[in-house]
Amino acid sequence: MTIRVIQPLQAPHYDLLLSADPNKQLVDDYIKRGLCFELIFNNTVAGILVLLPTRPETLEIVNIAVSESYQGQGLGEKLIQFALAYATNHSYKTVEIGTGSTSLGQLYLYQKCGFRMTSIDRDFFLRHYQDEIVENKLVLKDMVRLSIDI
Ligand code: ACO
Ligand code: ACO
């Protein structure tokens with residue numbers, strides 16, 4: 001397994017980016033400003049990670065995804081550990097992540113990795129996403145913001 005900077009971004013990367021975030025406009029905006037990494041496993045692109053410096057000393061994981069066929073094998077956790085190590089090595093003090101309130105598995109994963117909830121951005125997904133998102137039989141409306149101090 002290797003995690004490395006992507007260049008250039010190709011179709012498999014896009015599929016992964018959109019699996020984590022269906023808003024193409026938002027994705028296109030942050031991949032230009034952020035640092036994009038790919039996770040290579042079995043010689044294929046199995047995961048993606050986009051890190052964006054937001055405020056001084058703060059780095060946000062704006063996109064994280066693992067291909068469906070590789071999910072549940074610890075690769076998502078490896079990507080988060082990579083992000084935390086990157087932040088430490090580049091003198092960031094805080095790492096943030098935002099996810100849907102209906103993303104129950106993701107909320108479990110981020111808290112397992114040490115993230116704690118900081119705030120709720122109510123109606124974020126109603127404001128920024130045209131199509132309704134249904135997850136775990138719930139309509140997604142609110143974003144949960146989590147962070148970890150390193
Ligand atoms: N549902 C239930 N449990 C989950 C989920 C999930 N969606 N994701 C992770 N977990 C649990 C695993 O069961 C595992 O539990 P364990 O430690 O008790 O065995 C633990 O979290 C670690 O899981 P990994 O195998 O490391 O995670 P995985 O490689 O499957 O990747 C990821 C997790 C990236 C969330 C993957 O499910 C995915 O790509 N989902 C679709 C895209 C997505 O939702 N991305 C996040 C959006 S938010 C954002 O991008 C900022
Ligand atoms: N984990 C996962 N799913 C759950 C849980 C749970 N703990 N509780 C409910 N659900 C889901 C069910 O799967 C069901 O889903 P579905 O509609 O897709 O089929 C739905 O929620 C409704 O479930 P019910 O069968 O009506 O709930 P149940 O009779 O099991 O009661 C309760 C839920 C009261 C939370 C019960 O699990 C319980 O007593 N837990 C221990 C005490 C507890 O945690 N109480 C709440 C603490 S907070 C408070 O008291 C204010």
Side-chain angles (χ1 to χ4, degrees), residues 1-6 9-55 58-87 92 94-148 150:
M1 190 217 61
T2 315
I3 299 173
R4 64 186 185 202
V5 170
I6 301 171
L9 218 69
Q10 287 168 341
H13 301 119
Y14 250 104
D15 292 344
L16 281 165
L17 288 164
L18 294 173
S19 76
D21 184 348
N23 187 330
K24 188 169 179 304
Q25 215 176 326
L26 280 185
V27 169
D28 280 336
D29 176 58
Y30 59 61
I31 56 175
K32 268 188 248 139
R33 300 184 289 127
L35 304 140
C36 303
F37 299 93
E38 62 185 356
L39 185 151
I40 303 293
F41 189 69
N42 282 349
N43 290 320
T44 36
V45 177
I48 201 154
L49 175 74
V50 184
L51 303 177
L52 184 70
T54 48
R55 297 185 300 281
T58 303
L59 191 67
E60 180 167 346
I61 298 175
V62 285
N63 196 300
I64 178 169
V66 170
S67 305
E68 237 169 84
S69 48
Y70 290 107
Q71 286 177 11
Q73 299 178 40
L75 298 181
E77 212 169 320
K78 288 270 190 302
L79 283 168
I80 292 177
Q81 284 161 1
F82 176 89
L84 297 179
Y86 180 94
Y92 288 96
T94 305
V95 179
E96 295 185 334
I97 191 163
T99 195
S101 64
T102 55
S103 303
L104 308 178
Q106 290 83 336
L107 285 167
Y108 163 76
L109 170 60
Y110 305 150
Q111 290 177 91
K112 186 184 174 201
C113 293
F115 285 82
R116 294 185 57 191
M117 295 189 193
T118 47
S119 62
I120 309 289
D121 193 342
R122 275 177 75 100
D123 293 330
F124 176 88
F125 292 95
L126 300 182
R127 276 187 268 114
H128 295 284
Y129 294 74
Q130 264 181 351
D131 297 332
E132 187 175 79
I133 303 171
V134 177
E135 194 181 21
N136 292 312
K137 294 187 274 180
L138 295 169
V139 175
L140 175 56
K141 298 175 187 159
D142 307 321
M143 176 186 274
V144 179
R145 303 218 35 101
L146 303 99
S147 73
I148 184 169
I150 48 175

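Atoms within a ligand are numbered from 1 in the order they appear, just like the ligands themselves. If you're wondering where the values come from, they're calculated on a predicted model, not measured in any experiment.
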Does [X] come within less than 4.0 Å of ligand 1, judged by its heavy atoms?
| X | result |
| --- | --- |
| S103 | no |
| Y110 | yes |
| I61 | yes |

Using modelled atom types and a 3.5 Å cut-off, is there a donor and acceptor pairing between side-chain atoms of [X] and backbone atoms of [Y]?
| X | Y | result |
| --- | --- | --- |
| R33 | P53 | no |
| N136 | T102 | yes |
| D142 | S101 | no |

Report the nearest protein non-hydrogen atom to [atom]: residue, atom name, distance rounded to 0.1 Å.
| atom | result |
| --- | --- |
| atom 12 (C) of ligand 1 | Y108 CE2, 4.5 Å |
| atom 47 (C) of ligand 1 | A20 O, 3.7 Å |
| atom 41 (C) of ligand 1 | Q71 NE2, 4.0 Å |
| atom 2 (C) of ligand 1 | G105 CA, 3.4 Å |
| atom 39 (O) of ligand 1 | V66 N, 2.8 Å |
| atom 33 (C) of ligand 1 | L109 CD2, 3.7 Å |
| atom 31 (O) of ligand 1 | G76 CA, 3.5 Å |
| atom 25 (O) of ligand 1 | G74 N, 2.7 Å |

(request) First locate atom SG of C113, then atom CD of E77, and finally report the distance between them rounded to the nearest 0.5 Å. (result)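 The SG atom of C113 sits 4.5 Å away from the CD atom of E77.
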(request) Give, for atom CD1 of I97 and atom CZ of R145, the distance between the pair rounded to the nearest 0.5 Å. (result)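 CZ of R145 is found 9.0 Å from CD1 of I97.
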(message) Using heavy-atom distances only, which candidate in G100, S19, G72 approaches atom 30 (O) of ligand 1 most closely?
(response)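 Looking at heavy atoms only, G72 sits closest to atom 30 (O) of ligand 1.
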Can you name the atoms of ligand 1, numbered from 1 with element, that are less than 4.0 Å from a heavy atom of [X]?
| X | answer |
| --- | --- |
| Q73 | 25 (O) |
| Q106 | 7 (N), 35 (C), 43 (C), 44 (O) |
| E77 | 22 (C), 26 (O) |
| A65 | 34 (C), 39 (O) |
| K112 | 16 (P), 17 (O) |
| T99 | 48 (S) |
| V62 | 50 (O), 51 (C) |
| G98 | 48 (S), 51 (C) |

A side-chain contact here means heavy atoms from C-beta on lying under 4.5 Å apart; do [X] and [Y] qualify?
| X | Y | answer |
| --- | --- | --- |
| I3 | L79 | yes |
| Q10 | E38 | no |
| V144 | Y110 | no |

Exercise: identify the closest heavy-atom pair between [X] and [Y]:
| X | Y | result |
| --- | --- | --- |
| Y70 | A46 | CD1-CB, 3.6 Å |
| I150 | A87 | CD1-CB, 3.3 Å |
| T94 | S147 | CG2-CB, 4.1 Å |

(message) Surrounding CZ of R116 (heavy atoms of other residues, nucleotides or ligands, distance under 6.0 Å), is the total greater than 12?
(response)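 Not buried by this count: 12 neighbours or fewer within 6.0 Å.
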(request) Please check if any side-chain donor atom of E96 sits under 3.5 Å from a side-chain acceptor atom of T58, or the reverse. (result)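 Their side chains do not contain a donor-acceptor pair, so the 3.5 Å distance test is not met.
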(request) Take atom 19 (O) of ligand 1 and look for protein heavy atoms under 4.0 Å from it; say yes if you find one, no if not. (result)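 When distances to the protein are checked, atom 19 (O) of ligand 1 has no heavy atom within 4.0 Å.
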(request) Could you tell me whether atom 50 (O) of ligand 2 has a protein heavy atom closer than 4.0 Å? (result)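 Answer no: nothing from the protein, no heavy atom, is under 4.0 Å.
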(message) Under 4.0 Å from a heavy atom of K137: which atoms of ligand 2 are those, numbered in the order shown and with their elements?
(response)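 Counting from 1, the qualifying ligand atoms are 16 (P), 18 (O).
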(message) Below the 3.5 angstrom mark, is there an N/O of I97, backbone or side chain, next to an N/O of ligand 1?
(response)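 In this structure, I97 places no N or O atom under 3.5 Å from an N or O of ligand 1.
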(message) Between D28 and K24, does any side-chain N to carboxylate O distance fall below 4.0 Å?
(response)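 Yes, this pair counts.
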